[in-house]
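Notes to accompany the following structure.
If you're wondering where the values come from, they're calculated on a predicted model, not measured in any experiment. Residue numbering restarts at 1 for every chain, and letters A, B, ... go by the order of the sequence lines. Both backbone and side-chain heavy atoms feed into the values below; hydrogens, waters and symmetry mates do not.
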There are 2 protein chains.
Amino acid sequence: MTTDTEVRERVLEAADRLFYAKSAHAVGMDELRAEAGVSLKKLYSLFDGKDALVEEVLRRREEAITAETMKYVLRASSPQEQVLAVFDWMADSSGTTDFRGCAFINSYAELGPSSDRVTAVVRHQKSGVRGAIAAMVEAMGKPEWVADSIFLLFEGAMTNTAITVSSEPARQARKAARFLLEST
Amino acid sequence: MTTDTEVRERVLEAADRLFYAKSAHAVGMDELRAEAGVSLKKLYSLFDGKDALVEEVLRRREEAITAETMKYVLRASSPQEQVLAVFDWMADSSGTTDFRGCAFINSYAELGPSSDRVTAVVRHQKSGVRGAIAAMVEAMGKPEWVADSIFLLFEGAMTNTAITVSSEPARQARKAARFLLEST
DNA sequence: TACAGTAGAGAACGAACGTTCTCCACGGCA
DNA sequence: TGCCGTGGAGAACGTTCGTTCTCTACTGTA
């Protein structure tokens, strides 16, 4: 027997995958229904509509990404390697054929102007990433502008890794971040 | 008398403004027709449809942005200030209330997966910016990885200036770029 | 077996889209 | 003046979307 929670999760997983791959407006509710193996009725009984679904997908993805990058950070051997681990995560992620950059930047580009809810989730994710980097950099005793710079390198590498379909930007950003950490 | 060329330009200007502000899929052809003050018939006689219009808008914007940043670069007083001028352009641009980040990144997020034409224009613009920065940095005798890093800082600042609605990321990126140029 | 209630399949609906077509007003020219 | 062709206004068309509704099959229970 499949509980509602399980069905919800299946829908969210499918929605996350499709929205990320094709952008939200390019995925119809019927396509999503088919991909999740769920009836349209059930879909609308579990979610308040497409907008709410998009929002929930983003929130869920924020948690998932945070957890996954944390794994990279925690297995690092030194404080500096901890900071740089986020770029290793990016390089590994971009190896998957369906890498499409930062889902939050993408969603903000597509839906930001029309949805305050999406904008709020995106801002929350960005300030979270920025805060996490800042905490690690501060623990190394480095000035705050170094953390800001590494965050911007991360963001720039995220989009350009997607656009160029190569993990080169991730490696370049890692190198720059290391230089900043070692020369300040 | 208004020539076809003038009408074309008026349509392209309106399309650029609307697409950038609201994302392409959120702007209907009828809204664009009204904004440009043109009949639907004329619109379709001048352009091959919405897709072609989006593509042409992006190409036109690439030229316009290149020209505008060049103005900042050319008035700079030193090679280093020339490189950093791109961040001054960004800070000034973000001052306008309707700043929405990089139109090419935004378009790639929204249309990249479904349009090879859009993807091609975006890649062209990105490699152009990267090349321009690389040329200036190389002229200073700095290693290539410094240029790559400054480019990524530029890209990251572009998106985060939009998301945070503040020119702070532009200033942070400028500071980081200056540090890279002065310590290598 | 008879029945109540749930859930799935997918038809149906209203709105919005991109695109084309119809109709009419107007200006140049004989 | 009469005629032709261009162009504007916007109705119309076919499609697609998000969302809701209808009908039917099935399950558990007495």
Side-chain angles (χ1 to χ4, degrees), chain A residues 1-58 106-107 109-118, chain B residues 1-58 106-107 109-118:
Chain A
M1 172 192 150
T2 57
T3 70
D4 277 6
T5 327
E6 288 168 337
V7 177
R8 264 185 79 90
E9 178 56 25
R10 210 166 65 228
V11 170
L12 286 170
E13 185 277 328
D16 182 77
R17 185 158 31 84
L18 291 177
F19 290 166
Y20 181 64
K22 312 167 76 168
S23 86
H25 85 271
V27 178
M29 291 299 270
D30 195 65
E31 181 182 1
L32 174 56
R33 173 205 60 76
E35 186 78 11
V38 167
S39 74
L40 222 38
K41 191 178 193 176
K42 188 99 203 166
L43 214 178
Y44 276 94
S45 83
L46 290 174
F47 299 95
D48 283 342
K50 196 180 186 183
D51 292 351
L53 191 46
V54 168
E55 193 187 338
E56 202 155 347
V57 160
L58 285 180
N106 293 351
S107 298
E110 185 190 1
L111 306 168
S114 62
S115 167
D116 293 339
R117 316 276 287 275
V118 166
Chain B
M1 173 190 149
T2 59
T3 70
D4 278 6
T5 329
E6 288 167 338
V7 178
R8 263 186 80 90
E9 177 57 24
R10 210 165 67 227
V11 171
L12 286 169
E13 185 277 328
D16 181 78
R17 185 157 29 85
L18 291 177
F19 290 167
Y20 180 64
K22 312 167 77 169
S23 85
H25 86 272
V27 177
M29 291 299 270
D30 195 66
E31 181 183 2
L32 173 58
R33 173 206 59 78
E35 186 78 9
V38 167
S39 75
L40 222 38
K41 193 180 197 176
K42 190 97 202 168
L43 214 178
Y44 277 94
S45 84
L46 291 173
F47 299 95
D48 283 343
K50 197 181 186 183
D51 293 351
L53 192 47
V54 167
E55 193 185 337
E56 202 155 346
V57 160
L58 285 180
N106 294 350
S107 298
E110 184 191 1
L111 307 167
S114 62
S115 167
D116 292 341
R117 316 275 287 275
V118 166

Please enumerate all residues that pass side-chain contact (heavy atoms from CB on, under 4.5 Å) together with A:Ser23, with sequence neighbours excluded. A:His25, A:Ala26, A:Arg100, A:Glu110
What distance do A:Leu111 atom CG and A:Asn106 atom CG have between them, rounded to the nearest 0.5 Å? 10.0 Å
Would you check, one step at a time, whether the test side chain to side chain contact (heavy atoms under 4.5 Å, CB included) holds for A:Ser107 with A:Val54? CA-CA 9 Å; A:Ser107 298; A:Val54 168; 5.5 Å; no
Only counting residues at least two apart or in another chain, list the ones meeting side-chain contact (heavy atoms from CB on, under 4.5 Å) with A:Ala14. A:Arg17, A:Leu32, A:Glu35, A:Ala36
From OG1 (A:Thr5) to CZ (A:Arg10), nearest 0.5 Å: 12.0 Å
Which residues satisfy the side-chain contact (heavy atoms from CB on, under 4.5 Å) test with A:Ser39, sequence neighbours excluded? A:Lys41, A:Lys42
May I ask you to list the residues of residues 14-33 of chain B, by number, that have any heavy atom positioned under 4.0 Å from an atom of DNA chain C? B:Val27, B:Gly28, B:Met29
In whole angstrom, give the distance that lies between atom CG of B:Leu43 and atom P of D:dG7. 14 Å
So do A:Leu12 and A:Leu53 actually touch side chain to side chain, heavy atoms under 4.5 Å? yes
Between N or O atoms, less than 3.5 Å apart, protein on one side and nucleotides 12-15 of chain D on the other: list the pairs.
none

Tell me which residues in residues 44-58 of chain B lie within less than 4.0 Å of DNA chain C, going by non-hydrogen atoms. B:Tyr44, B:Gly49, B:Lys50
Which pairs pass ring-ring contact (aromatic ring centres under 6.0 Å, His included) with one or both residues in residues 26-51 of chain A, sequence neighbours excluded? none
Identify, with sequence neighbours excluded, every residue that meets side-chain contact (heavy atoms from CB on, under 4.5 Å) alongside A:Asp30. A:Arg33, A:Leu40
Would you say the side chain of B:Lys42 and the base of D:dG7 hold a donor-acceptor pair, judged only by whether the two atoms sit under 3.5 Å apart? no
Once salt bridge (Lys or Arg N to Asp or Glu O under 4.0 Å) is applied, do any residues pair with A:Glu55, and if so which ones, sequence neighbours excluded? A:Arg59, A:Arg117
